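Everything on this sheet refers to the single structure shown next.
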Amino acid sequence: MVKILMKSIREYKKASILTSIFVTLEVAMECLIPLVMSQLIDNMESQEVLKMVLIIILLIILATLGLVFGFLSGKYAAIGAAGFAKNLRKDMFYKVQEFSFENIDKFSASSLVTRMTTDTANMQMAYGLVIRAAVRAPLMLIFSIIMSYLINVKLATIVLIMVPILAILFIVIIKLAMPIFDKVFKKYDALNESIQENIKGIRVVKSYVREEYEQQKFNKAAEDVQRDFTRAEKIVAFNTPLMQFSIYTVMTIICVFGAYLAVKAQGDPLGMSAGKLQSLLVYGIQILNSLLMLSMILVMLSISIAGGKRIAEVLKEVSTLHNPENPIYEVKSGEVVFKDVSFKYSADAEKNALENINLTIPSGSTVGIIGGTGSSKTTLVNLISRLYDVTKGELLVGGIDVRQYDLKTLRDNVSVVLQKNVLFSGTINENLRWGKEDATEEEIKHACHIACADEFIERFPEKYETYIEQGGTNVSGGQKQRLCIARALLKSPKILILDDSTSAVDTKTDAIIRKGFKEVIPNTTKIIIAQRISSVENADMIIVLDGGKINGIGTHDELLKTNKIYQEVYQIQNKGSDK
């Protein structure tokens with residue numbers, strides 16, 4: 001896990017190293033100040049003004065240097081930690097872009113959001129602690145112990161006895177709290193999922209008056225997180241009172257024995273002076289505060305380790321789809337051939353989603369796909385653009401197995417208008433240029449004309465510069481579908497796949513769009529998944545799917561005579577018109 005995460009430090013290594021250097025110098029200044037201060041106190045009785053002035057000047061220099069080194073360490077720690085978090089988010093986001101649908105199915109959307117936000121924020125805090133506090137605390141502990149022993153071995157030993165006792169107690173606290181923090185982050189996913197579902201389906205929630213149910217579901221997830229965090233924090237809360245008790249106990253012991261030694265040492269220049277006693281108290285507090293800091297670092301690290309593991313899971317995930325060693329960069333035609341193709345979504349799946357598919361779609365033809373819910377219509381077309389790889393058999397596009405193509409080349413030549421149409425926040429022009437980044441105004445208008453989108457775009461005051469809200473919430477379902485079809489057409493693909501993409505469009509507009517396809521892009525292979533037979537009845541070939549298998553292939557007239565499923569669908573859809 002650590003090796004995977006550390007790869008994201010990259011250009012912020014310098015800031016991280018400088019942080020540690022400046023922290024070391026800061027600690028050195030802070031450990032020298034009590035020693036110099038003891039000299040000042042012990043020299044007050046001698047009334048050597050020059051010597052005292054020199055000591056005061058030295059103290060000011062040490063304090064100033066400590067301030068400067070502390071500022072610089074804080075500055076570079078912030079740069080290093082924030083930069084590390086930025087790279088983590090970037091690396092995860094880029095990684096997700098490489099994922100196949102199979103990889104994406106493995107991680108839920110809410111879980112990925114949690115990993116890029118909460119988990120990464122915790123890693124940022126943890127990394128900032130590691131490069132600054134985790135360097136400062138051990139150094140302060142070591143330096144203070146050394147200085148204490150230089151002053152008085154007996155009193156330093158009293159302080160040192162507390163170190164292993166506190167260390168053992170801290171380890172027990174961490175071991176009890178860490179498993180709870182592991183559980184918390186899994187529950188964060190459920191909380192985010194509840195929020196995401198509610199916002200995404202807010203219209204449905206309000207339509208069915210389910211606000212109270214959604215509130216209860218959210219409250220349950222929030223209370224689960226709160227309950228576990230409270231349990232963990234109750235355990236961790238023992239840290240501070242335990243440390244305060246230890247500090248005051250040690251201070252009392254040092255004061256009592258120190259005072260005894262100071263009185264006993266009168267007239268003995270090697271004994272315990274008031275200055276030495278004061279500096280020893282400071283070092284004792286520094287030692288115990290260092291332990292407190294280390295315990296808090298361990299707590300924070302225990303919280304972040306759970307998130308770090310989840311981030312590492314995303315970063316080390318290998319896409320199930322990748323380019324071959326010598327990819328092909330040209331798709332010669334839109335011919336599609338399925339040879340004994342079977343497919344299942346995971347190796348553990350008991351049943352194939354598609355089974356023994358044998359099919360040839362000539363280049364430039366129009367093919368309709370009909371079938372009931374769950375018949376794997378979408379799964380079939382997803383294989384063509386290699387959103388999934390076939391489990392068994394071969395899928396050829398332009399006479400070549402799709403696994404031999406460069407992925408970008410293949411997908412640039414296979415335009416897919418998915419069942420769930422997605423528009424992004426931005427103008428209509430910006431959304432359409434997803435199809436072709438450098439598309440001219442004429443090309444955009446031409447694609448919109450074929451998709452029958454120009455008629456409503458021209459009615460907008462801003463026309464093609466009309467701003468589309470996130471998810472296309474300010475346009476209707478039919479308008480959204482037509483914009484997505486225009487976007488796909490801008491790619492000038494060899495194969496155009498419409499996955500139930502005209503379901504929200506009236507039959508007249510649907511017919512106009514199909515007529516435009518036939519006249520304007522005759523050489524493009526058109527594969528249309530539809531629920532309405534009217535959308536595919538003029539296709540060169542219609543495929544009937546049932547349970548992941550081909551139930552029938554033929555023209556509209558042929559299937560009306562030979563295919564029972566097609567006959568039933570046709571009769572149901574035309575029942576009203578026969579009366």
Side-chain angles (χ1 to χ4, degrees), residues 333-338 341 354 357-373 375-385 395-398 413-419 450-452 481-482 484-486 488-489 492-546 548-574 577:
S333 72
E335 181 191 44
V336 180
V337 179
F338 288 81
V341 168
L354 291 167
I357 303 295
N358 286 285
L359 178 64
T360 299
I361 301 173
S363 182
S365 62
T366 300
V367 176
I369 302 178
I370 289 282
T373 303
S375 58
S376 297
K377 303 184 295 295
T378 299
T379 304
L380 181 75
V381 297
N382 280 343
L383 298 177
I384 298 172
S385 56
L395 172 54
L396 311 178
V397 169
N413 283 275
V414 181
S415 270
V416 184
V417 184
L418 295 170
Q419 194 171 11
I450 299 171
C452 294
Q481 285 187 336
R482 283 179 276 175
C484 290
I485 291 170
L489 289 171
S492 302
K494 293 282 196 310
I495 301 168
L496 174 64
I497 298 171
L498 302 178
D499 186 357
D500 202 17
S501 304
T502 56
S503 57
V505 173
D506 60 86
T507 52
K508 181 183 175 182
T509 304
D510 186 15
I512 294 171
I513 292 171
R514 285 186 282 108
K515 184 183 176 184
F517 288 165
K518 191 172 183 179
E519 293 174 355
V520 182
I521 51 172
N523 298 322
T524 298
T525 303
K526 297 161 283 289
I527 301 174
I528 304 169
I529 296 176
Q531 300 296 333
R532 296 187 301 222
I533 283 183
S534 60
S535 297
V536 297
E537 62 183 347
N538 295 318
D540 301 314
M541 176 171 62
I542 301 170
I543 301 160
V544 181
L545 282 178
D546 182 39
K549 297 178 181 179
I550 294 178
N551 184 269
I553 299 177
T555 63
H556 172 70
D557 293 333
E558 290 170 348
L559 290 172
L560 275 179
K561 295 175 183 176
T562 61
N563 191 270
K564 186 177 179 181
I565 293 175
Y566 195 82
Q567 290 168 356
E568 289 176 355
V569 175
Y570 181 79
Q571 287 169 7
I572 291 168
Q573 292 184 5
N574 289 274
S577 60

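In this text the structure is predicted, and so the values were computed from the model without any measurement. Excluded from the calculations below are hydrogen atoms, water molecules and symmetry mates; all remaining heavy atoms, backbone and side chain alike, are included.
Considering CG of L380 and CD1 of I369, their distance stands at 5.0 Å, rounded to 0.5 Å. Taking OG of S375 as the start and CD1 of I529 as the end, the distance is 8.5 Å to the nearest 0.5 Å. Going from atom CE of M541 over to atom CD1 of I553 covers 6.0 Å, rounded to the nearest 0.5 Å. Rounding to the nearest 0.5 Å places CG of N563 at 11.5 Å from CD of E558.
Taking the side chain as every heavy atom from C-beta outward, I550 and V544 never approach each other to under 4.5 Å. For the pair F338 and N358, the minimum side-chain heavy-atom distance is 4.5 Å or more. You'll find the side chain of T360 stays beyond 4.5 Å of the side chain of V336, heavy atoms only. By the 4.5 Å heavy-atom criterion applied to side chains, V536 and I370 are counted as neighbours. The side-chain heavy atoms of I497 and V417, taken from C-beta on, include no pair separated by under 4.5 Å.
For the pair D540 (side chain) and T366 (backbone), a donor-acceptor distance under 3.5 Å is present. Looking only at distances, no side-chain donor or acceptor of K494 sits under 3.5 Å from a matching main-chain atom of E335. Not a single donor-acceptor pair under 3.5 Å links the side chain of Q571 to the backbone N or O of E568. Without hydrogens or angle criteria, T525 side chain to G364 main chain gives a donor-acceptor distance under 3.5 Å. Side chain of K377 to backbone of G371: a donor-acceptor contact under 3.5 angstrom is found. R482 contributes a side-chain N or O that, together with a main-chain N or O of C452, makes up a donor-acceptor pair within less than 3.5 Å. Side-chain atoms of T524 come within 3.5 Å of backbone N or O of P493 as a donor-acceptor pair.
Nearest heavy-atom pair across S363 and G334 is OG-N, 3.1 Å. The two residues G368 and A539 make their nearest non-hydrogen contact at N-CB, 3.8 Å.
Residues Y566 and H556 have side chains that bring a donor and an acceptor to within less than 3.5 angstrom of each other. With 3.5 Å as the limit, one finds a donor-acceptor pair spanning the side chains of D499 and T378.
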Side chain to side chain contact (heavy atoms under 4.5 Å, CB included) evaluation trace for F517 with I485: CA-CA 11 Å; F517 288 165; I485 291 170; 3.8 Å; yes

Going through the checks in order, is the side chain to side chain contact (heavy atoms under 4.5 Å, CB included) test met by I495 and I384? CA-CA 9 Å; I495 301 168; I384 298 172; 4.2 Å; yes

Residues I361, L359; criterion side chain to side chain contact (heavy atoms under 4.5 Å, CB included); working and verdict: CA-CA 7 Å; I361 301 173; L359 178 64; 4.0 Å; yes

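The residue from V367, I527, I528 that alone fulfils the side-chain contact (heavy atoms from CB on, under 4.5 Å) condition with V381 is I527. When the options D546, L559, L545, I543 are evaluated for a side-chain contact (heavy atoms from CB on, under 4.5 Å) with N551, the one that passes is D546.
Residues meeting the side-chain hydrogen bond (donor to acceptor under 3.5 Å, both in side chains) test with N413, sequence neighbours left out: none.
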